[in-house]
S.K.: 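The structure is given below, and queries will be raised subsequently.
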Amino acid sequence: MKKSLLIFFLVILGQQTFAQLKFIERYEVASEMNDPLFEMIDSKAGLISFRTIPEKGLNLRKRFQYFISDSSLNSTEGIVEFPVKEGYDMLGYDTELDQLFVLFTKGYAMNSSKYILQMNLKTKKGLEFVVDNVLDMELVEFLVQDQKAIFMGTSDSRPVLQIHDLVSKSVHTLQGIYGNDTQILQIRKMPETHSLEVVLSRKGSYRNRDLLINTYDMIGNVIQEVKVDQFADPGQEIMDGILFSTSNYQEAMVGAYGLERRNSYQGMYIMDINEFGEFDFKLYTLEDFPNFYNYLNEKQKGKRDAEVQRELERRRIPGINSLYSIRDIRQTPNAYFIYFDQFTVTSSRSGFQNGMYSPTGGYRYDRWSRMGTTIFNDPYLASRFPMSSNYQTVPEYRYISAHFVKVAKTGQVLWDNATSYNEMVTTYPEAFGEVAVVGEDLYHMFVEDKLMKLSFFRNGEKIFENQEFELALIDENERIRDTNLESLRLIHWYDKYYLLSGTQRIRYINESGGDQVREVYFLTKIVVDGDLYQPEQLPD
């Protein structure tokens, strides 16, 4: 009897645990396991998924496919197709209003021929624009604003950014970018002011780096320049950062700082910038984050906390031993929710750098809405944009912990906490986890192999950490036979909802009662709910 009660209790507990994460909607497209994957971009028209796929037969022609889904993943029109010029493939994309812009290239050399397909998502009609007067460059970013295509890349090992007017065919090169020891860190479209904001890093005097935030009009003229040539104490530098708008033409930049030449991280900064380009800094160290080591067990955390206290008693800033990189920022009218990752990088190449001033990284892009990076070791982009590259090694990233901070916009740390990655090793160079903030609740989720791992915080308190959930289907009569693990992609969509995509083989029973298998590309909508968590308490 006791054994039966225990089994019954464990079944109920399993159901309660599973309810914290539920697969609620699914959309499928017939697709072979190793077919090119769909990119996704959110727009006013709905969720747009698109890809290029080779035609059948011995030719170099491809078809461009897209479909639009609503918030329940329903697609009324289904797949829409456009022909692609022979020998061309998708390289970049962007949206503006109800238009989708896709950049195609014939090969992946710097001087490859290119053209842009503009699709009206309402009328399903397309226009093609030849790109024939832009500099040869290794492309890193492609954007569109005001019917002008923006190309950012490197030429002769120097950064370059050009604006190509799709209507007049004129090309304007942005001033003050092309030069030695200069790096583009971030680009922001500013549709309200018909301008473009570019964050630059440039080597200054005494080996220090200056941070420049330049605003340009759409013909390449500098409207405003914010130069950060002094930061904190001598030797301290900005290590990385994300620039974002707050309100009423106010901006902020959040990231990590430390001693760059020693590769030593010391904490977090918030730079507030007003409409006149005036700025000030708030600096935070481990003294401000008492729960920084909450990803460790109690004994290890106590040891690390004691080390921090000893450094503070000696009037030293305690260091962060690994890379400490800003990943995401969510804001309310009065506060910021900030997400950092802590990780290490290993590479067989001597002198390998990582982070803001690395020659192979540092550019902040949004893979959810734009082309992203040309680095071939991005597993998402490797199967979408098989670009040639000069990089000879693939570094490994050992993820240690994820860190979360809520900071009032007036500067006070309201809470901090952390969760462990359990020394997960991957070759993926960008943010591995996806964060959802709903009121005072924060969710952190990522996919490792065939498992989804979810952590939940409420008002800064860690309710549960790395709860594991298996991939599941909506139809209980179907089974997952195979999953292409390299195809899996998890993205936070809105509110408590995430999107998981990839390719699978699904086993099902046909109308005749026979056992069959179909291969699909799928989109699955997932809801998370921390209120359904029940701590494990076994009966006596």
Side-chain angles (χ1 to χ4, degrees), residues 4 6-38 40 46-49 51 53 65-80 383 434 436 443 445-454 466-534:
S4 300
L6 179 58
I7 293 174
F8 175 77
F9 180 84
L10 290 174
V11 169
I12 296 298
L13 180 61
Q15 291 175 345
Q16 291 170 332
T17 301
F18 181 77
Q20 300 155 41
L21 184 152
K22 188 174 182 180
F23 296 77
I24 58 173
E25 307 285 354
R26 183 177 171 101
Y27 185 81
E28 294 183 352
V29 175
S31 183
E32 295 181 7
M33 289 283 278
N34 295 314
D35 276 350
L37 304 173
F38 283 86
M40 293 183 290
L47 177 68
I48 313 168
S49 301
R51 68 178 177 181
I53 185 167
Q65 299 180 330
Y66 80 88
F67 62 91
I68 300 176
S69 313
D70 61 19
S71 59
S72 298
L73 296 187
N74 296 315
S75 180
T76 55
E77 302 291 338
I79 294 284
V80 178
S383 55
E434 289 284 320
Y443 298 87
M445 184 157 62
F446 63 96
V447 179
E448 184 178 8
D449 295 328
K450 294 182 179 180
L451 294 175
M452 308 185 71
K453 297 189 176 182
L454 178 67
N466 290 336
Q467 290 283 328
E468 296 182 349
F469 304 89
E470 294 184 352
L471 304 183
L473 300 174
I474 307 301
D475 190 337
E476 295 181 354
N477 296 317
E478 298 181 340
R479 297 292 180 265
I480 299 173
R481 180 172 174 179
D482 295 297
T483 299
N484 181 353
L485 298 181
E486 293 183 355
S487 73
L488 293 179
R489 180 180 185 182
L490 178 72
I491 290 177
H492 172 250
W493 194 2
Y494 66 95
D495 199 62
K496 293 183 177 182
Y497 301 100
Y498 288 79
L499 283 172
L500 180 70
S501 64
T503 54
Q504 290 177 328
R505 289 190 181 96
I506 305 300
R507 184 179 177 183
Y508 67 102
I509 305 298
N510 62 20
E511 295 179 353
S512 303
D515 192 10
Q516 286 194 324
V517 173
R518 66 176 184 268
E519 293 190 14
V520 299
Y521 170 86
F522 70 91
L523 271 177
T524 299
K525 185 177 180 181
I526 300 169
V527 63
V528 294
D529 190 347
D531 285 329
L532 298 176
Y533 174 69
Q534 297 291 331

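Computed over heavy atoms, backbone and side chain alike; hydrogens, waters and symmetry mates excluded.
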S.K.: Would you say the side chain of Leu523 lies within less than 4.5 Å of the side chain of Phe67, judging by non-hydrogen atoms?
M.R.: yes
S.K.: Determine, stepwise, if the pair Glu519 / Asp35 fulfils side chain to side chain contact (heavy atoms under 4.5 Å, CB included).
M.R.: CA-CA 10 Å; Glu519 293 190 14; Asp35 276 350; over 6 Å; no
S.K.: Is the shortest side-chain heavy-atom distance between Phe38 and Val29 below 4.5 Å?
M.R.: yes
S.K.: Roughly how far apart are Gln504 CD and Leu471 CG, rounded to 0.5 Å?
M.R.: 6.5 Å
S.K.: To the closest 0.5 Å, what do you measure between CD1 (Ile506) and CZ (Arg518)?
M.R.: 6.0 Å
S.K.: Taking the side chain from Tyr498 and the backbone from Ala436, do they hold a donor-acceptor pair closer than 3.5 Å?
M.R.: yes
S.K.: Does Asp449 use its side chain to pair, donor to acceptor, with the backbone of Leu451 at less than 3.5 Å?
M.R.: no
S.K.: Once you round to the nearest 0.5 Å, how far does OH of Tyr27 lie from CG of Asp70?
M.R.: 10.5 Å
S.K.: State whether the number of non-hydrogen atoms from other residues, nucleotides or ligands found under 6.0 Å of Arg507 atom CZ is greater than 12.
M.R.: no
S.K.: Are there more than 12 heavy atoms of other residues, nucleotides or ligands under 6.0 Å from atom CD of Gln516?
M.R.: yes
S.K.: State, with a plain yes or no, whether a side-chain heavy atom of Thr503 is found less than 4.5 Å away from one of Val520.
M.R.: no
S.K.: If you measure from CD1 on Ile491 to CE on Met40, what distance do you get to the nearest 0.5 Å?
M.R.: 4.0 Å
S.K.: I'd like to know if the side chain of Ser75 and the backbone of Ile68 have a donor-acceptor N/O pair within less than 3.5 Å.
M.R.: yes
S.K.: Which value, rounded to the nearest 0.5 Å, describes the distance between Leu488 atom CG and Leu490 atom CG?
M.R.: 9.0 Å
S.K.: Examine distances only and state if a side-chain atom of Arg489 and a backbone atom of Glu486 form a donor-acceptor pair shorter than 3.5 Å.
M.R.: no
S.K.: Which value, rounded to the nearest 0.5 Å, describes the distance between Asn484 atom CG and Glu32 atom CD?
M.R.: 12.5 Å
S.K.: Output, in order, the C-alpha distance, side-chain angles, deciding distance and verdict of side chain to side chain contact (heavy atoms under 4.5 Å, CB included) for Leu454 and Asn466.
M.R.: CA-CA 5 Å; Leu454 178 67; Asn466 290 336; over 6 Å; no
S.K.: Indicate the atoms forming the closest heavy-atom contact of Thr483 with Ile480, along with that distance.
M.R.: OG1-CG2, 3.4 Å
S.K.: Nearest heavy-atom pair of Ser501 and Tyr521: which atoms, and what distance?
M.R.: CB-OH, 3.3 Å
S.K.: Holding to ring-ring contact (aromatic ring centres under 6.0 Å, His included), I want the full list of residues that pass it with Tyr497, two or more places apart in sequence or in another chain.
M.R.: Tyr494
S.K.: With a 4.5 Å limit on heavy-atom distance, are the side chains of Thr524 and Leu73 in contact?
M.R.: no
S.K.: Can you check side chain to side chain contact (heavy atoms under 4.5 Å, CB included) on Leu500 and Met452, steps first, answer last?
M.R.: CA-CA 10 Å; Leu500 180 70; Met452 308 185 71; 4.2 Å; yes
S.K.: Main chain of Tyr508, side chain of Glu478: is a donor-acceptor contact present, judged purely on distance under 3.5 Å?
M.R.: no
S.K.: Between Glu434 (side chain only) and His492 (backbone N and O only), is there a donor and an acceptor less than 3.5 Å apart?
M.R.: yes
S.K.: So which atom in Gly502 and which in Ser487 form the shortest heavy-atom distance, rounded to 0.1 Å?
M.R.: CA-OG, 3.4 Å
S.K.: Measuring only between side-chain heavy atoms, which start at C-beta, is Phe469 closer than 4.5 Å to Gln20?
M.R.: yes
S.K.: With no hydrogens and no angle check, is any side-chain donor or acceptor of Lys525 less than 3.5 Å from a backbone partner on Ser71?
M.R.: yes
S.K.: Do Phe23 and Leu473 make a side-chain contact, defined as non-hydrogen atoms from C-beta onward lying under 4.5 Å apart?
M.R.: no
S.K.: Does the Arg51 side chain pair with the main chain of Pro36, one donor and one acceptor, at a distance under 3.5 Å?
M.R.: yes
